**Q** 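One structure is given below, represented as structure tokens, and several questions about it will come after.
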Amino acid sequence: MVDSTVMREVTLTLPMLPDMEIAASKTATALAEFMEMSSDKIDEVRMAVVEACINSFEHSQADDRKVEIRFVVLGNDDPERLQITIKDSGVGFAPDTVERPRIEEKLIAANKRGWGLTIIKGLMDEVEIHSGADGTTVVMSKLR
Amino acid sequence: MVDSTVMREVTLTLPMLPDMEIAASKTATALAEFMEMSSDKIDEVRMAVVEACINSFEHSQADDRKVEIRFVVLGNDDPERLQITIKDSGVGFAPDTVERPRIEEKLIAANKRGWGLTIIKGLMDEVEIHSGADGTTVVMSKLR
Amino acid sequence: MTEMLKVTVDRRPPLAVIYTEGYINNQGGEEIARVAYDLIEGDHTTLLLNLKGTKIVNSIGISILIEIIEKMLEIDGRLAFCNLTPTIEKTFHIMGLAQYAQIFADEEVALGELTV
Amino acid sequence: MTEMLKVTVDRRPPLAVIYTEGYINNQGGEEIARVAYDLIEGDHTTLLLNLKGTKIVNSIGISILIEIIEKMLEIDGRLAFCNLTPTIEKTFHIMGLAQYAQIFADEEVALGELTV
Ligand SMILES: Nc1ncnc2c1ncn2[C@@H]1O[C@H](COP(=O)(O)OP(=O)(O)O)[C@@H](O)[C@H]1O
Ligand SMILES: Nc1ncnc2c1ncn2[C@@H]1O[C@H](COP(=O)(O)OP(=O)(O)O)[C@@H](O)[C@H]1O
């Protein structure tokens, strides 16, 4: 990751309840607009945030039913990168064992799900997933 | 205040830096939209949130340079009320000694400022201000 | 409470255009599927999903759209899309969905191609 | 970085219409004031502020608008507003500002009234 200073840091704590991912996507929009990111890139960030949130909502089984999100604007003189960290304290999973979904298979499979991580990786510039018994942390970022 | 249950609670921590009030206003929008508040009321909430944030930014002198915001959707069966608490750990002030600004005077005065609290009270349904040596907490709410 | 997806339909047998307005999440996807299956029962074999009013989708919603595509392939019909936001279009490409469902810029272009 | 307010002007001496686009905060207010004072110097005595492109203002920005109103009262000119969002209009009423600056629904109505 490029070395740059934190210019702004905002944290958001969301309950794992329907539609709350939209709150996260709006907060992300505010920071991305502050950075003067293009509206297409802002849209990509929004979608990635939504996917990471619903993954925590659906899969984490976290007892506290909360997701913590940290938005950081990084840059040296100007905002260069928006880094978003989405953290749950759930059961975790092994990211390396998740198979990349293939549309030909999904079209005939009973379970058509399994696209979230693929979408996040496709829309963001950098994605790291740390997961274990303490929960899951997705760190993703987008260059301006 | 009407007795009702917390249906959703979202917290946001913002740095006291230019434009960060917009992040708070967007998060507020997400919750107000979730409640299906009318777009005019949502706009009123947004403006009140902006005013409360910039008051903390400008006047609190808080060492941590942070504002904590709590958004709570209250309701028994359906969302009834959006309560927003904006808290800083600054120097505080005595709300009762703040004079209500009068436009005739402001028009000829050197200092034309002093409208924030009046606007907040005018736009929200309920406003309580707790302030002291530990800082200031504004609790405001809007009925759907 | 939960922002509901609004779905409207313009029937032009054997084609039908489905318009959406709002967030295509779990419920949104199911609402579209319900409408699509009704149309299929009514012998509409080409469905055009006009997403002009949809600025945001999630992967659960898209999974339900994949179910509809599967169904269309079974009956030798087809599902096409138009008026996608650049991000939704990019997402469909990331997923490879674009191979199984045509994507058109707008409804005029789509109808021109789908009705020949 | 900070979302800057865009200000454009349509000069129709002795009137001028000022159009804004974006957030009227501290800097936004100052930008409007700069433009307004230029117009006043250029003998424009009636200014119409069309806020069609402004969905949000803050009280610091409005305080700067009060300065402009003061200036206009001094020179026997006037400042009027049009295309306010309901919330901005409500705020101006809460402040009593509406007594010192006329508020019109849209530019057509405003120009009709201001140019008689
Ligand atoms: N925050 C999380 N906590 C626990 N498991 C997760 C989390 N995020 C993803 N996973 C696991 O990774 C799998 C793949 O996730 P994803 O690609 O988003 O697809 P989907 O959510 O549709 O299954 C999930 O099915 C789940 O098993
Ligand atoms: N969070 C706060 N911390 C300390 N003082 C405050 C705070 N909010 C308001 N005040 C005090 O109350 C006064 C009135 O505030 P307000 O009505 O918003 O007008 P303005 O911010 O333009 O002065 C401020 O000038 C300040 O002295």
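Every chain is numbered from 1, with letters handed out A, B, ... down the list of sequences. Quick caveat: nothing in here was measured; it's all calculated off a predicted structure.
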**Q** Would A/Ile22 and C/Tyr23 count as a side chain to side chain contact (heavy atoms under 4.5 Å, CB included) here? Give the steps.
**A** CA-CA 10 Å; A/Ile22 298 294; C/Tyr23 183 20; 3.6 Å; yes
**Q** Where does C/Ile88 contact chain A at under 4.5 Å (heavy atoms): side chain, backbone, both or neither?
**A**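 When you check distances to chain A, no heavy atom of C/Ile88 falls under 4.5 Å.
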**Q** Got more than 12 heavy atoms from elsewhere within 6.0 Å of NZ, C/Lys55?
**A**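 Enclosed.
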**Q** Would you give the length of the straight line joining atom CD of C/Glu67 to atom CG of A/Leu107, rounded to the nearest 0.5 angstrom?
**A**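 C/Glu67 CD to A/Leu107 CG: 11.0 Å, rounded to 0.5 Å.
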**Q** Counting heavy atoms not belonging to A/Asn111, are there more than 12 under 6.0 Å from its CG?
**A**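 Yes, the 6.0 Å shell around CG holds more than 12 heavy atoms from other groups.
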**Q** More than 12 non-hydrogen atoms from neighbouring residues, nucleotides or ligands closer than 6.0 Å to CD on A/Glu104, yes or no?
**A**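 Atom CD in A/Glu104 is crowded, with more than 12 foreign heavy atoms closer than 6.0 Å.
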**Q** Sort C/Gln99 into side chain, backbone, both or neither according to what part of it lies under 4.5 angstrom from a heavy atom of chain A.
**A**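 Side chain only.
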**Q** Within a strict 4.5 Å, meaning less than it, do heavy atoms of the C/Ile66 and A/Ile103 side chains meet?
**A**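 SC-SC contact between C/Ile66 and A/Ile103 confirmed.
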**Q** Please examine the side chains of C/Ile60 and A/Glu58, heavy atoms only from C-beta on, and report whether any two atoms are closer than 4.5 Å.
**A**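 They are in side-chain contact.
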**Q** Could you tell me which of A/Arg46, A/Lys41, A/Arg100 has the largest number of non-hydrogen atom pairs under 4.5 Å with chain C?
**A**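 Maximum pair count with chain C is reached by A/Arg46.
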**Q** Between A/Ile119 and C/Met95, is any pair of side-chain heavy atoms under 4.5 Å apart?
**A**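 Yes, close enough: below the 4.5 Å cut-off.
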**Q** List in chain and number order the residues that pass ring-ring contact (aromatic ring centres under 6.0 Å, His included) with C/Tyr100, two or more places apart in sequence or in another chain; answer none if no residue qualifies.
**A**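 With sequence neighbours excluded, C/Tyr100 shows a ring-ring contact (aromatic ring centres under 6.0 Å, His included) to no residue whatsoever.
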**Q** Considering residues, nucleotides and ligands other than C/Glu74, do more than 12 of their heavy atoms fall under 6.0 Å from its CD?
**A**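 Yes - once you tally the heavy atoms of other residues, nucleotides and ligands closer than 6.0 Å, there are more than 12.
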**Q** Can you measure from CD1 (C/Ile69) to NZ (A/Lys112) and round to the nearest 0.5 angstrom?
**A**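 Here the interatomic distance stands at 10.0 Å.
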**Q** Tell me, for A/Glu44 versus chain C, whether the close heavy atoms (under 4.5 Å) come from the side chain, the backbone, both or neither.
**A**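 Both backbone and side chain.
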**Q** Heavy-atom cut-off 4.5 Å, strictly under: side chain, backbone, both or neither for A/Ile54 against chain C?
**A**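 The answer is the side chain of A/Ile54.
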**Q** Select one option (side chain, backbone, both, neither) describing which atoms of C/Ile64 are under 4.5 Å from chain A's heavy atoms.
**A**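 Looking at C/Ile64, nothing touches chain A.
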**Q** Would you check if C/Lys90 and A/Met47 make a side-chain contact, meaning some heavy-atom pair closer than 4.5 Å?
**A**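 The answer is no, as the side chains (C-beta and beyond) never meet within the 4.5 Å cut-off.
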**Q** How far apart are the closest heavy atoms of C/Thr87 and A/Asp40, and which atoms are they?
**A**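 Reported closest heavy-atom pair: OG1-O, 3.5 Å.
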**Q** Which one, C/Leu73, C/Ile62, C/Ile94, leads in non-hydrogen pairs under 4.5 Å with chain A?
**A**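 If we count pairs closer than 4.5 Å to chain A, C/Ile94 comes out on top.
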**Q** Against chain A, work out which of C/Ser59, C/Pro86, C/Gly96 has the most heavy-atom pairs shorter than 4.5 Å and name it.
**A**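 Maximum pair count with chain A is reached by C/Ser59.
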